[in-house]
Each structure stands twice: as C-alpha cells, then as structure tokens.
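It should be emphasised that the depicted structure is a prediction, and the values quoted were computed from it without experimental measurement.
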Amino acid sequence: MLMRKIYQKDLKRQETDSNDDIEDVSLFDAEEETTSRPKKSKIRHPVASFFHLFFRVSAIIVYLLCELFSSSFIACMVTIILLLSCDFWAVKNVTGRLMVGLRWWNHIDEDGKSHWVFESRKASPQDSKTVSEAESRIFWLGLIACPVLWVIFAFSALFSFRVKWLAVVIMGVVLQGANLYGYIRCKVGSRKDLTSMATSYLGKQFLRQTTGDDQTS
C-alpha cells in the first residue's frame, strides 16, 4: 500500500511538472510573437533604399577622392556623370514610387504641348498601417542632403577657381535639384493648389480685417 501511494504521488508530480513545462513554453512563444509583431518602422524595400543612397553618395565620394586615386580628369568626370545619371533615373522612376508613393513625369499631348504631372498615391487605411517611417526618412534625407552638398561644392569650386570642375558640380546640382523640386511638388501639390490656398488665405485675412474695422467703427 505504501509503495502504491508513493507511486501515485510520483505520477501526480510528473503530470504537474509536464503541465508547468507546457505553460512555460506557450508563454515564451507568446512573448516572441508580441515582440516580433509591431515593426512599423521596418524597411519594406531594402534594395530600393540601398540604391536610393548608393549612386548619389558614390558620386560625392568620387568627386572628393578622385584626384587622390587618378590624375585623369576625363575619367573622373565621366564616372561622376554616369553615377549622377543613374541616380536621377533610379530616384525619379523607382525609389520615389516604392518608398514614399510619389511620382513625377512629363508627357506630350496630341497637340504637341508638354505637360508636367506630379502624382501622389492616395493613402488607403490598409496602406497607412504598413507605411514605413524608416524608408520615408531615408528617402527625404538623401533627397535633401545631397543637393545641398552639391551647392556647397559649386561655391567652393567657384571661389577656389577650379573652373574645370564647375561643369561637373553644376550637373550634380541640376540633376539632383530636379528630383528634389519634383518630389516637393508631389508632396505639397500643384502650383494651382498653392495659389488657390494663398488667395483663399489672403481673402479670409482681408475679410477679418474689414469686419473688425466695421465692428470697431
């Protein structure tokens, strides 16, 4: 009888221990799921994010260090212009559309008139939940910082009388400044929207001043 009671107690202990082990594993898995679930700032397009910065940063590095590694001005100039051209095409056609949902382009109608189009993707409730803040920061940081550096290079080349590099620097300012201007127009809106907003704001201010003057008089 004593041996049977002892054996039953051992069985109960083993069952409780097994139940405790199962509960610990389930809690541990749940913690892993909760910690890995909220990742709104995850980069969804790593290839696009990489090439958004690769060409423009490479062009700046080649411009700063090319005279240390090569004495050929033509080779350095061609390399920088190729990098700037690849950056212009990639940012205009690929990275802006994927990373921030913006696109600007030009088309010619049947009458031969050129029209510039600045598009912004309409944010749906599903898209707003999956928007990557990290990609947006990478996009706008690279889009704004690099043209500012090229402007600084332009002034330094001008004041240091490096005339041969001035054409390359102006090319960098023009190409990257064009993308910056286009995406700012996409983000803010067309010029018509801006003028209508400005006129409506000025009209409201004028009405407020006139009504205030009437009330005081």
Once you round to the nearest 0.5 Å, how far does [atom1] of [X] lie from [atom2] of [Y]?
{"X": "Asn179", "Y": "Cys146", "atom1": "CG", "atom2": "SG", "result": "11.0 Å"}
{"X": "Ser58", "Y": "Leu83", "atom1": "OG", "atom2": "CG", "result": "5.5 Å"}
{"X": "Ser120", "Y": "Arg185", "atom1": "OG", "atom2": "CZ", "result": "13.0 Å"}
{"X": "Leu175", "Y": "Trp150", "atom1": "CG", "atom2": "CH2", "result": "10.0 Å"}
{"X": "Ile81", "Y": "Cys76", "atom1": "CD1", "atom2": "SG", "result": "11.5 Å"}
{"X": "Ser160", "Y": "Trp165", "atom1": "OG", "atom2": "CH2", "result": "11.5 Å"}

To which residues is Trp105 joined in a hydrophobic cluster, defined by side-chain heavy-atom contacts under 4.5 Å among Ile, Leu, Val, Met, Phe, Trp and Tyr, whether direct or through other members?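 Once heavy-atom contacts under 4.5 Å are chained together, Trp105 belongs with Val117.
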Taking the six-membered ring for Trp and the single ring otherwise, decide whether the centroids of Tyr183 and Phe139 are under 6.0 Å apart.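 Yes, they do, as the ring centres are separated by less than 6.0 Å.
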What about the rings of Trp104 and Tyr181, do their centers lie closer together than 6.0 Å?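 Aromatic pair excluded; centres sit 6.0 Å or further apart.
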Do Phe73 and Lys164 have side-chain heavy atoms sitting under 4.5 Å apart?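 Yes. Closest side-chain heavy atoms under 4.5 Å.
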With the side chain counted from C-beta on, respond yes when Gln176 and Asp87 share a heavy-atom pair under 4.5 Å apart, and no when they do not.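 Side chain of Gln176 against side chain of Asp87, heavy atoms only: contact under 4.5 Å found.
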For Val91 and His52, run side-chain contact (heavy atoms from CB on, under 4.5 Å): C-alpha distance rounded to whole Å, both residues' side-chain angles, the deciding distance at 0.1 Å, then the answer. CA-CA 6 Å; Val91 174; His52 177 72; 3.7 Å; yes
Looking at every non-hydrogen atom in both residues, tell me the closest pair between [X] and [Y] and how far apart they are.
{"X": "Ile138", "Y": "Ser49", "answer": "CG2-O, 4.4 Å"}
{"X": "Ala48", "Y": "Leu98", "answer": "CB-CD1, 4.0 Å"}
{"X": "Ala157", "Y": "Leu166", "answer": "CB-CD1, 4.2 Å"}
{"X": "Val168", "Y": "Ile80", "answer": "CG1-CG2, 3.6 Å"}

Please evaluate residues Arg56 and Leu143 with respect to the criterion side-chain contact (heavy atoms from CB on, under 4.5 Å), reporting the C-alpha separation (whole Å), side-chain torsions for both, the decisive distance (0.1 Å), and the verdict. CA-CA 9 Å; Arg56 52 184 51 212; Leu143 194 70; 4.2 Å; yes
Pair Cys186-Glu119, side-chain contact (heavy atoms from CB on, under 4.5 Å): steps then yes or no: CA-CA 6 Å; Cys186 293; Glu119 294 181 339; 5.7 Å; no
Counting neighbours of CE on Met171 that are heavy atoms of other residues, nucleotides or ligands and sit closer than 6.0 Å, is the number greater than 12?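 No, CE of Met171 has 12 or fewer neighbouring heavy atoms, counting only those of other groups under 6.0 Å.
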Look at atom CD1 of Ile74 and say whether more than 12 heavy atoms of other residues, nucleotides or ligands are closer to it than 6.0 Å.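 No.
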What I want to check is whether the side chains of His115 and Asn106 have a donor and an acceptor closer together than 3.5 Å.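 His115 vs Asn106: no donor-acceptor pair found between side chains.
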Any Lys/Arg nitrogen of Glu67 or Arg162 sitting under 4.0 Å from an Asp/Glu carboxylate oxygen of the other?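 A salt bridge is present here (some side-chain N lies under 4.0 Å from a carboxylate O).
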Expected output: side-chain [X] to main-chain [Y] donor-acceptor under 3.5 Å:
{"X": "Arg44", "Y": "Ser132", "result": "no"}
{"X": "Ser70", "Y": "Cys66", "result": "no"}
{"X": "Ser136", "Y": "Glu133", "result": "no"}

Find out if a path of hydrophobic residues (ILVMFWY) with successive side-chain heavy-atom gaps under 4.5 Å connects [X] to [Y].
{"X": "Phe161", "Y": "Phe155", "value": "no"}
{"X": "Ile152", "Y": "Leu158", "value": "no"}
{"X": "Leu82", "Y": "Phe51", "value": "no"}
{"X": "Leu141", "Y": "Ile60", "value": "no"}
{"X": "Val169", "Y": "Leu65", "value": "yes"}

Once you measure the plane-to-plane angle for Trp116 and Phe118, does it fall in the parallel (<30°), tilted (30-60°) or perpendicular (>60°) bin?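 Trp116 vs Phe118 ring planes: parallel.
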